Amino acid sequence: MNFITKISLLFVLIFASSFNSSAQKKEDYKKSIDSILQKSNPKFNGVVLISQNGKTLYSKVEGFSNFETKKPLKLDTQFEIMSNSKLIAATLLLLEVEKGNVDLNAPIKKYLPELTQTWADSVTVHQLLNHSHGIVDLQKPLAFKPGTQFKYGNLSFNLVAKIVAFSSKKSYREVAESLFKKLKMNQTFCYSADKTQNLATGYFNAKNQLEPITTRQITDESLGADGIISTVSDLAIWNNNLHKGKILKPASYQLLTQNTILSQHNFFGKEKDGYGYGIRVVEKESVKYLGHTGLGDGFSSVNLYFPESDVSLIVMENQMPEDSNLYYASEFKIKNMLLKTDLLKKK
(Lines give C-alpha, C1' and ligand atoms only; values in the text may rest on other atoms or scores of the structure.)
Protein backbone atom coordinates (compact mmCIF):
# COMPACT_ATOMS: atom_id res chain seq x y z
CA MET A 1 0.00 0.00 0.00
CA ASN A 2 1.64 3.28 -1.09
CA PHE A 3 1.76 6.48 0.95
CA ILE A 4 -1.08 8.21 -0.96
CA THR A 5 -3.38 5.21 -0.49
CA LYS A 6 -2.63 5.12 3.25
CA ILE A 7 -3.40 8.82 3.64
CA SER A 8 -6.66 8.42 1.68
CA LEU A 9 -7.71 5.46 3.83
CA LEU A 10 -6.89 7.37 7.01
CA PHE A 11 -8.97 10.32 5.82
CA VAL A 12 -11.92 8.02 5.07
CA LEU A 13 -11.69 6.41 8.52
CA ILE A 14 -11.51 9.78 10.29
CA PHE A 15 -14.47 11.10 8.27
CA ALA A 16 -16.54 7.96 8.97
CA SER A 17 -15.70 8.13 12.66
CA SER A 18 -16.66 11.80 12.79
CA PHE A 19 -19.90 11.13 10.90
CA ASN A 20 -20.83 8.25 13.21
CA SER A 21 -20.02 10.36 16.27
CA SER A 22 -22.20 13.19 14.96
CA ALA A 23 -25.06 10.80 14.14
CA GLN A 24 -24.70 9.19 17.57
CA LYS A 25 -24.82 12.61 19.23
CA LYS A 26 -27.98 13.50 17.33
CA GLU A 27 -29.62 10.29 18.58
CA ASP A 28 -28.74 10.97 22.24
CA TYR A 29 -32.06 12.80 22.78
CA LYS A 30 -33.86 9.44 22.52
CA LYS A 31 -31.97 8.05 25.53
CA SER A 32 -32.59 11.30 27.38
CA ILE A 33 -36.35 11.08 26.80
CA ASP A 34 -36.36 7.44 27.90
CA SER A 35 -34.58 8.50 31.10
CA ILE A 36 -37.00 11.39 31.74
CA LEU A 37 -39.99 9.06 31.37
CA GLN A 38 -38.47 6.38 33.61
CA LYS A 39 -37.76 8.87 36.41
CA SER A 40 -40.98 10.85 36.04
CA ASN A 41 -43.09 11.88 39.04
CA PRO A 42 -46.02 11.60 38.73
CA LYS A 43 -45.30 8.46 36.74
CA PHE A 44 -45.71 9.19 33.04
CA ASN A 45 -48.75 7.52 31.50
CA GLY A 46 -49.10 8.44 27.87
CA VAL A 47 -47.58 8.63 24.41
CA VAL A 48 -44.67 10.68 23.02
CA LEU A 49 -44.02 11.25 19.32
CA ILE A 50 -41.32 13.28 17.59
CA SER A 51 -41.51 13.70 13.83
CA GLN A 52 -39.54 15.59 11.21
CA ASN A 53 -40.76 16.37 7.71
CA GLY A 54 -43.74 14.08 8.33
CA LYS A 55 -41.61 11.08 9.35
CA THR A 56 -41.51 9.62 12.85
CA LEU A 57 -38.10 9.93 14.52
CA TYR A 58 -39.10 8.72 17.99
CA SER A 59 -42.18 7.28 19.64
CA LYS A 60 -42.76 5.86 23.08
CA VAL A 61 -45.86 4.44 24.76
CA GLU A 62 -46.00 4.01 28.55
CA GLY A 63 -48.84 2.80 30.76
CA PHE A 64 -52.53 2.02 30.51
CA SER A 65 -55.46 3.28 28.50
CA ASN A 66 -57.68 1.94 31.29
CA PHE A 67 -56.24 1.06 34.70
CA GLU A 68 -59.27 -0.95 35.82
CA THR A 69 -59.10 -3.36 32.87
CA LYS A 70 -55.30 -3.02 32.47
CA LYS A 71 -55.83 -2.19 28.80
CA PRO A 72 -52.44 -0.90 27.58
CA LEU A 73 -51.97 2.36 25.75
CA LYS A 74 -50.94 2.09 22.10
CA LEU A 75 -49.56 4.53 19.57
CA ASP A 76 -53.03 4.86 18.03
CA THR A 77 -54.91 5.33 21.32
CA GLN A 78 -57.15 8.38 21.18
CA PHE A 79 -57.00 11.21 23.72
CA GLU A 80 -59.02 14.32 24.43
CA ILE A 81 -56.65 17.07 23.28
CA MET A 82 -58.62 19.75 25.16
CA SER A 83 -57.30 23.30 24.42
CA ASN A 84 -55.19 22.08 21.50
CA SER A 85 -58.63 22.05 19.84
CA LYS A 86 -58.49 25.87 19.68
CA LEU A 87 -55.88 25.94 16.91
CA ILE A 88 -58.15 23.74 14.80
CA ALA A 89 -61.10 26.08 15.37
CA ALA A 90 -58.97 29.11 14.47
CA THR A 91 -57.83 27.40 11.27
CA LEU A 92 -61.40 26.55 10.28
CA LEU A 93 -62.44 30.15 10.84
CA LEU A 94 -59.55 31.44 8.70
CA LEU A 95 -60.72 29.14 5.91
CA GLU A 96 -64.04 31.00 6.08
CA VAL A 97 -62.11 34.29 5.94
CA GLU A 98 -60.36 33.04 2.79
CA LYS A 99 -63.74 32.40 1.19
CA GLY A 100 -64.75 35.98 1.91
CA ASN A 101 -67.42 34.88 4.37
CA VAL A 102 -65.89 36.43 7.50
CA ASP A 103 -64.10 39.72 8.20
CA LEU A 104 -61.69 39.43 11.14
CA ASN A 105 -62.19 43.10 12.03
CA ALA A 106 -65.98 42.96 11.98
CA PRO A 107 -67.96 42.93 15.25
CA ILE A 108 -69.06 39.44 16.26
CA LYS A 109 -72.71 40.54 16.20
CA LYS A 110 -72.50 40.31 12.39
CA TYR A 111 -72.05 36.53 12.59
CA LEU A 112 -73.81 35.88 15.89
CA PRO A 113 -77.04 37.88 15.47
CA GLU A 114 -78.61 36.08 18.44
CA LEU A 115 -76.28 37.97 20.83
CA THR A 116 -78.20 40.86 22.39
CA GLN A 117 -75.38 42.14 24.62
CA THR A 118 -74.14 45.65 23.76
CA TRP A 119 -70.52 44.43 23.66
CA ALA A 120 -71.37 42.19 20.68
CA ASP A 121 -71.18 45.37 18.60
CA SER A 122 -67.64 46.20 19.74
CA VAL A 123 -65.80 42.87 20.19
CA THR A 124 -64.24 41.74 16.89
CA VAL A 125 -63.64 38.27 15.51
CA HIS A 126 -59.88 38.93 15.77
CA GLN A 127 -60.26 39.62 19.50
CA LEU A 128 -62.08 36.32 20.05
CA LEU A 129 -59.20 34.47 18.38
CA ASN A 130 -56.39 35.96 20.47
CA HIS A 131 -58.27 36.15 23.82
CA SER A 132 -58.25 39.96 23.95
CA HIS A 133 -62.06 40.30 23.94
CA GLY A 134 -62.80 40.87 27.63
CA ILE A 135 -65.79 38.49 27.70
CA VAL A 136 -65.96 36.59 31.00
CA ASP A 137 -69.62 35.58 30.91
CA LEU A 138 -72.31 36.03 28.28
CA GLN A 139 -74.55 37.68 30.86
CA LYS A 140 -71.95 40.05 32.34
CA PRO A 141 -70.26 43.27 31.22
CA LEU A 142 -66.79 43.03 29.66
CA ALA A 143 -63.87 42.74 32.10
CA PHE A 144 -61.82 45.25 30.07
CA LYS A 145 -61.85 47.24 26.86
CA PRO A 146 -61.51 44.80 23.91
CA GLY A 147 -58.00 44.60 22.51
CA THR A 148 -56.23 45.97 25.59
CA GLN A 149 -55.51 42.80 27.59
CA PHE A 150 -55.06 39.04 27.28
CA LYS A 151 -57.40 36.82 29.30
CA TYR A 152 -57.45 33.16 28.37
CA GLY A 153 -60.66 31.14 28.40
CA ASN A 154 -62.89 28.70 26.56
CA LEU A 155 -65.93 30.89 26.02
CA SER A 156 -64.46 32.84 23.11
CA PHE A 157 -63.70 29.67 21.17
CA ASN A 158 -67.22 28.38 21.78
CA LEU A 159 -68.21 31.53 19.88
CA VAL A 160 -65.53 30.94 17.21
CA ALA A 161 -67.10 27.55 16.48
CA LYS A 162 -70.53 29.20 16.22
CA ILE A 163 -69.16 31.70 13.69
CA VAL A 164 -67.71 28.83 11.63
CA ALA A 165 -71.14 27.16 11.65
CA PHE A 166 -72.97 30.41 10.81
CA SER A 167 -70.58 31.22 7.98
CA SER A 168 -70.42 27.73 6.44
CA LYS A 169 -74.12 26.97 7.00
CA LYS A 170 -73.05 23.58 8.39
CA SER A 171 -72.54 22.26 11.92
CA TYR A 172 -69.08 22.83 13.41
CA ARG A 173 -68.73 19.06 13.76
CA GLU A 174 -69.40 18.60 10.03
CA VAL A 175 -66.89 21.27 8.99
CA ALA A 176 -64.14 19.97 11.30
CA GLU A 177 -64.57 16.31 10.45
CA SER A 178 -64.64 17.10 6.72
CA LEU A 179 -61.17 18.64 7.05
CA PHE A 180 -59.90 15.70 9.13
CA LYS A 181 -61.09 13.33 6.41
CA LYS A 182 -59.41 15.40 3.70
CA LEU A 183 -56.12 15.31 5.63
CA LYS A 184 -56.47 11.56 6.29
CA MET A 185 -56.56 12.18 10.04
CA ASN A 186 -58.63 9.02 10.32
CA GLN A 187 -58.51 8.75 14.13
CA THR A 188 -59.61 12.34 14.80
CA PHE A 189 -63.16 13.54 15.43
CA CYS A 190 -65.33 15.86 17.52
CA TYR A 191 -66.31 14.22 20.80
CA SER A 192 -69.78 12.83 21.29
CA ALA A 193 -70.95 10.51 24.03
CA ASP A 194 -71.96 7.79 21.56
CA LYS A 195 -68.69 7.87 19.59
CA THR A 196 -65.80 7.00 21.86
CA GLN A 197 -64.00 4.58 19.50
CA ASN A 198 -60.52 3.93 20.95
CA LEU A 199 -60.61 6.76 23.49
CA ALA A 200 -58.52 6.31 26.63
CA THR A 201 -60.07 6.80 30.07
CA GLY A 202 -59.02 10.06 31.73
CA TYR A 203 -57.74 9.97 35.33
CA PHE A 204 -57.28 12.43 38.18
CA ASN A 205 -53.94 11.76 39.88
CA ALA A 206 -53.73 12.56 43.59
CA LYS A 207 -50.30 11.52 44.90
CA ASN A 208 -50.17 8.69 42.33
CA GLN A 209 -53.63 7.46 43.34
CA LEU A 210 -55.69 7.42 40.14
CA GLU A 211 -59.41 8.15 40.00
CA PRO A 212 -61.27 7.83 36.69
CA ILE A 213 -63.06 10.99 35.55
CA THR A 214 -66.80 10.39 35.32
CA THR A 215 -68.02 13.84 34.22
CA ARG A 216 -66.90 15.65 31.10
CA GLN A 217 -66.34 19.35 30.49
CA ILE A 218 -66.79 18.85 26.72
CA THR A 219 -70.27 19.68 25.45
CA ASP A 220 -71.71 20.21 21.98
CA GLU A 221 -71.29 23.94 22.67
CA SER A 222 -67.58 23.68 23.49
CA LEU A 223 -66.23 21.68 20.54
CA GLY A 224 -64.23 24.65 19.26
CA ALA A 225 -62.57 25.19 22.63
CA ASP A 226 -61.84 21.68 23.90
CA GLY A 227 -63.80 19.05 21.97
CA ILE A 228 -61.37 17.30 19.60
CA ILE A 229 -60.34 13.65 20.06
CA SER A 230 -57.09 12.66 18.34
CA THR A 231 -53.88 10.62 18.40
CA VAL A 232 -50.22 11.66 18.41
CA SER A 233 -49.83 10.41 14.83
CA ASP A 234 -52.84 12.36 13.58
CA LEU A 235 -51.59 15.56 15.23
CA ALA A 236 -48.26 14.99 13.47
CA ILE A 237 -50.24 14.86 10.20
CA TRP A 238 -52.00 18.08 11.24
CA ASN A 239 -48.68 19.85 11.92
CA ASN A 240 -47.14 18.64 8.68
CA ASN A 241 -50.08 20.04 6.69
CA LEU A 242 -50.74 23.24 8.64
CA HIS A 243 -47.15 24.43 8.87
CA LYS A 244 -46.30 23.46 5.28
CA GLY A 245 -49.00 25.59 3.66
CA LYS A 246 -51.30 22.69 2.78
CA ILE A 247 -54.36 23.99 4.64
CA LEU A 248 -54.16 27.79 4.71
CA LYS A 249 -52.87 30.33 2.22
CA PRO A 250 -49.58 32.01 3.27
CA ALA A 251 -51.32 35.25 4.29
CA SER A 252 -53.82 33.34 6.48
CA TYR A 253 -51.07 31.26 8.08
CA GLN A 254 -49.21 34.47 8.88
CA LEU A 255 -52.33 35.82 10.60
CA LEU A 256 -52.66 32.58 12.56
CA THR A 257 -49.09 32.57 13.83
CA GLN A 258 -48.23 36.24 14.21
CA ASN A 259 -47.57 37.67 17.66
CA THR A 260 -50.64 39.84 18.28
CA ILE A 261 -50.60 40.01 22.08
CA LEU A 262 -48.39 38.88 24.99
CA SER A 263 -49.33 36.19 27.52
CA GLN A 264 -47.60 34.05 30.13
CA HIS A 265 -47.89 30.29 30.67
CA ASN A 266 -45.62 28.31 33.00
CA PHE A 267 -45.00 25.56 30.44
CA PHE A 268 -43.49 28.12 28.07
CA GLY A 269 -41.59 30.08 30.73
CA LYS A 270 -41.94 32.75 33.40
CA GLU A 271 -41.85 35.63 30.93
CA LYS A 272 -44.63 36.67 28.60
CA ASP A 273 -44.49 35.34 25.04
CA GLY A 274 -46.44 36.06 21.91
CA TYR A 275 -49.88 34.63 21.18
CA GLY A 276 -51.49 34.28 17.75
CA TYR A 277 -54.83 32.62 17.06
CA GLY A 278 -55.10 29.57 19.35
CA ILE A 279 -51.31 29.14 19.29
CA ARG A 280 -48.38 30.49 21.28
CA VAL A 281 -45.37 32.00 19.49
CA VAL A 282 -42.18 31.51 21.53
CA GLU A 283 -39.19 33.52 20.33
CA LYS A 284 -37.11 33.89 23.50
CA GLU A 285 -35.61 30.39 23.50
CA SER A 286 -32.57 29.09 21.58
CA VAL A 287 -34.88 28.41 18.62
CA LYS A 288 -38.31 29.78 17.76
CA TYR A 289 -41.25 27.43 18.21
CA LEU A 290 -45.04 27.42 18.07
CA GLY A 291 -47.42 25.42 20.20
CA HIS A 292 -50.11 24.99 22.80
CA THR A 293 -51.11 22.89 25.77
CA GLY A 294 -54.39 21.24 26.70
CA LEU A 295 -55.72 20.10 30.09
CA GLY A 296 -59.00 18.72 31.43
CA ASP A 297 -61.19 15.64 31.89
CA GLY A 298 -58.16 13.76 33.19
CA PHE A 299 -56.13 14.42 30.03
CA SER A 300 -53.16 16.61 29.15
CA SER A 301 -51.64 17.34 25.76
CA VAL A 302 -48.71 19.28 24.34
CA ASN A 303 -48.24 20.01 20.64
CA LEU A 304 -45.10 21.93 19.63
CA TYR A 305 -43.67 22.74 16.21
CA PHE A 306 -40.12 23.98 15.57
CA PRO A 307 -40.13 25.61 12.12
CA GLU A 308 -36.37 25.91 11.59
CA SER A 309 -35.84 22.14 11.86
CA ASP A 310 -39.37 21.09 10.78
CA VAL A 311 -39.70 19.03 13.98
CA SER A 312 -42.91 18.30 15.90
CA LEU A 313 -43.04 17.21 19.55
CA ILE A 314 -46.42 15.80 20.54
CA VAL A 315 -47.14 14.35 23.98
CA MET A 316 -50.47 13.12 25.34
CA GLU A 317 -51.33 11.72 28.76
CA ASN A 318 -54.58 10.36 30.16
CA GLN A 319 -53.90 11.62 33.66
CA MET A 320 -54.10 15.04 35.27
CA PRO A 321 -52.22 15.76 38.52
CA GLU A 322 -53.98 17.19 41.56
CA ASP A 323 -50.98 19.48 42.13
CA SER A 324 -50.97 22.20 39.45
CA ASN A 325 -47.18 22.51 39.86
CA LEU A 326 -46.93 19.05 38.31
CA TYR A 327 -48.95 19.83 35.16
CA TYR A 328 -46.92 18.78 32.09
CA ALA A 329 -43.98 17.79 34.35
CA SER A 330 -42.41 15.26 31.93
CA GLU A 331 -43.37 17.28 28.86
CA PHE A 332 -41.60 20.35 30.29
CA LYS A 333 -38.38 18.38 30.82
CA ILE A 334 -38.53 16.84 27.34
CA LYS A 335 -39.06 20.24 25.70
CA ASN A 336 -36.18 21.86 27.61
CA MET A 337 -33.87 18.93 26.85
CA LEU A 338 -34.68 19.08 23.12
CA LEU A 339 -33.94 22.83 23.03
CA LYS A 340 -30.32 21.99 23.90
CA THR A 341 -29.85 19.37 21.19
CA ASP A 342 -28.69 19.47 17.57
CA LEU A 343 -32.06 18.07 16.49
CA LEU A 344 -33.71 21.50 16.52
CA LYS A 345 -30.97 23.29 14.57
CA LYS A 346 -31.68 24.44 11.04
CA LYS A 347 -31.90 21.65 8.50
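It should be emphasised that the depicted structure is a prediction, and the values quoted were computed from it without experimental measurement. Worth knowing before you read on, the calculation uses all heavy atoms, side chains too, and leaves out hydrogens, waters and symmetry mates.
- Defined by atom type and a distance below 3.5 Å, a donor-acceptor pair is missing between the side-chain atoms of S85 and D226.
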**OP:** In sequence, state the C-alpha distance, the side-chain angles, and the governing distance for Y289 and Y305, and then conclude on ring pair (Phe, Tyr, Trp, His ring centres under 6.0 Å).
**Re:** CA-CA 6 Å; Y289 66 96; Y305 179 73; over 10 Å; no
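- More than 12 heavy atoms of other residues, nucleotides or ligands shown are found within 6.0 angstrom of NZ on K284.
- Within the 3.5 Å criterion, the main-chain N or O of E174 finds a donor-acceptor partner in the side chain of S171.
- Environment of NZ in K244: crowded, with over 12 heavy atoms of neighbouring residues, nucleotides or ligands closer than 6.0 Å.
- Between H292 and Y152, the two ring planes are tilted [angle within 30° to 60°].
- To the nearest 0.5 Å, the span separating CD1 on I135 from CG on L155 amounts to 6.0 Å.
- Under a 3.5 Å cut-off, the side chain of Y203 and the backbone N or O of F67 do form a donor-acceptor pair.
- The side-chain tip of K162 does not point at the ring of Y111 from less than 6.0 angstrom away and within 45° of straight on.
- Exactly one of N208, N205, T201 qualifies for a side-chain hydrogen bond (donor to acceptor under 3.5 Å, both in side chains) with Q319. That residue is N205.
- Between V281 and K288 the shortest side-chain heavy-atom distance falls below 4.5 Å.
- Of all the heavy atoms in E322 and A206, the pair that sits closest is OE1-CB, 3.6 Å.
- In plain terms, the two heavy atoms of L92 and L179 that are nearest each other are CD2-CD2, 3.7 Å.
- Taking every heavy atom of both residues into account, A89 and G224 meet most closely at CB-O, 3.4 Å.
- Under the 6.0 Å distance and 45° angle rule, K335 counts as a cation-pi partner of F267.
- With a 6.0 Å radius and a threshold of 12 heavy atoms from other residues, nucleotides or ligands, Q217 has its CD atom above the threshold.
- A donor-acceptor pair under 3.5 Å is formed between the side chain of S301 and the backbone N or O of I81.
- A donor and an acceptor atom, one from each side chain of N154 and K86, are located under 3.5 Å apart.
- The distance from the NZ atom of K145 to the OG atom of S132 is 12.0 Å, given to the nearest 0.5 Å.
- Side-chain heavy atoms closer than 4.5 Å link hydrophobic residues (I, L, V, M, F, W, Y) into clusters, and following such links, possibly through other members, connects L256 to V160.
- Shown here for E98 and K249, the closest heavy-atom pair between the two residues is OE2-N, 2.8 Å.
- In this structure, L290 and L304 have side chains that are not in contact, with every pair of non-hydrogen atoms separated by 4.5 Å or more.
- One hydrophobic cluster holds both I36 and L338 under the rule that ILVMFWY side chains link at heavy-atom gaps under 4.5 Å.
- At most 12 non-hydrogen atoms from other residues, nucleotides or ligands lie less than 6.0 angstrom from CD of Q209.
- No side-chain heavy atom of K60 sits less than 4.5 Å from a side-chain heavy atom of I33.
- Under 3.5 Å, the side chains of D310 and Q52 contain no donor-acceptor pair of N or O atoms.
- Take N45 and apply the side-chain hydrogen bond (donor to acceptor under 3.5 Å, both in side chains) test, not counting sequence neighbours, and it matches N318.
- Using a cutoff of 4.0 Å between basic side-chain nitrogens and carboxylate oxygens, D34 and K31 are not scored as salt-bridged.
- With hydrogens and angles left out, the side-chain atoms of S192 and K195 include no donor and acceptor closer than 3.5 Å.
- Side-chain N or O atoms of S286 include one that pairs as donor or acceptor with a backbone N or O of L339 at under 3.5 Å.
- D273 places none of its side-chain heavy atoms less than 4.5 Å from the side chain of E283.
- Heavy atoms only, all atoms of each residue included: I108 and V125 are closest at CG2-N, 3.8 Å.
- No side-chain heavy atom of F64 sits under 4.5 Å from any side-chain heavy atom of K71.
- Using a distance-only test at 3.5 Å, with no hydrogens or angles considered, no donor-acceptor pair links the side chain of S167 to the main chain of V164.
- The neighbour count for K184 NZ, taken as heavy atoms of other residues, nucleotides or ligands under 6.0 Å away, does not exceed 12.
- Side chain to side chain, T260 and N130 meet the donor-acceptor criterion of an N or O pair below 3.5 Å.
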**OP:** Test side chain to side chain contact (heavy atoms under 4.5 Å, CB included) on L57 and L343 and set out the steps.
**Re:** CA-CA 10 Å; L57 299 181; L343 179 67; 3.7 Å; yes
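- Ring centroids of F189 and F180 are separated by 6.0 Å or more, keeping the two rings apart.
- Around atom NZ of K169, no more than 12 heavy atoms belonging to other residues, nucleotides or ligands sit under 6.0 Å away.
- One distance of note links CG of N241 with OG1 of T91; it measures 11.0 Å at 0.5 Å rounding.
- In this structure, a donor-acceptor pair under 3.5 Å is present between the side chains of R216 and Y191.
- Other residues, nucleotides and ligands place more than 12 heavy atoms under 6.0 Å from the NZ atom of K109.
- Using a 4.5 Å heavy-atom threshold, the side chains of L142 and F144 count as separate.
- Remark: the Q264 side chain and the N266 side chain contain an N/O donor-acceptor pair separated by less than 3.5 Å.
- One hydrophobic cluster, built from ILVMFWY side chains closer than 4.5 Å, holds both I88 and L49.
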**OP:** Test V97 against L255 for side chain to side chain contact (heavy atoms under 4.5 Å, CB included), laying out the working first.
**Re:** CA-CA 11 Å; V97 172; L255 287 170; 5.5 Å; no
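- Note: the hydrophobic cluster containing I261 does not contain F157 (ILVMFWY, side chain heavy atoms under 4.5 Å, direct or indirect links).
- The aromatic rings of H243 and Y253 sit perpendicular to each other, their planes meeting at more than 60°, with 30° as the lower class boundary.
- Counted by atom type alone, Y172 and N158 present zero donor-acceptor pairs between their side chains at under 3.5 Å.
- Criterion: ILVMFWY side-chain heavy atoms under 4.5 Å apart, direct or through other members. Under it, F299 and L295 are not part of a common hydrophobic cluster.
- Atom CD of E271 is surrounded by 12 or fewer heavy atoms from other residues, nucleotides or ligands within 6.0 Å.
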Subject >> Verdict with reasoning, V48 to Y58, per side chain to side chain contact (heavy atoms under 4.5 Å, CB included) >> reply: CA-CA 8 Å; V48 182; Y58 173 94; 4.0 Å; yes
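- Looking at F79 and T231, their side chains never come closer than 4.5 Å, going by heavy atoms from C-beta outward.
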Original post:
Can K333 and S40 be said to form a side chain to side chain contact (heavy atoms under 4.5 Å, CB included), step by step?
Top reply: CA-CA 10 Å; K333 290 176 182 175; S40 63; over 6 Å; no
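- Taking the side chain as every heavy atom from C-beta outward, V302 and Y328 approach each other to under 4.5 Å.
- No donor-acceptor distance shorter than 3.5 angstrom exists from the side chain of S178 to the backbone of V175, with no hydrogens or angles considered.
- Taking all atoms of both residues into account, the shortest heavy-atom contact from P321 to F204 is O-CE1, 4.3 Å.
- At a cut-off of 3.5 Å, with distance as the only test, no side-chain donor of N186 or D234 sits close to an acceptor on the other residue.
- Using modelled atom types, one side-chain atom of W119 and one backbone atom of K140 make a donor-acceptor pair closer than 3.5 Å.
- Looking at S222, its side chain never comes within 3.5 Å of a backbone N or O of A225 through a donor-acceptor pair.
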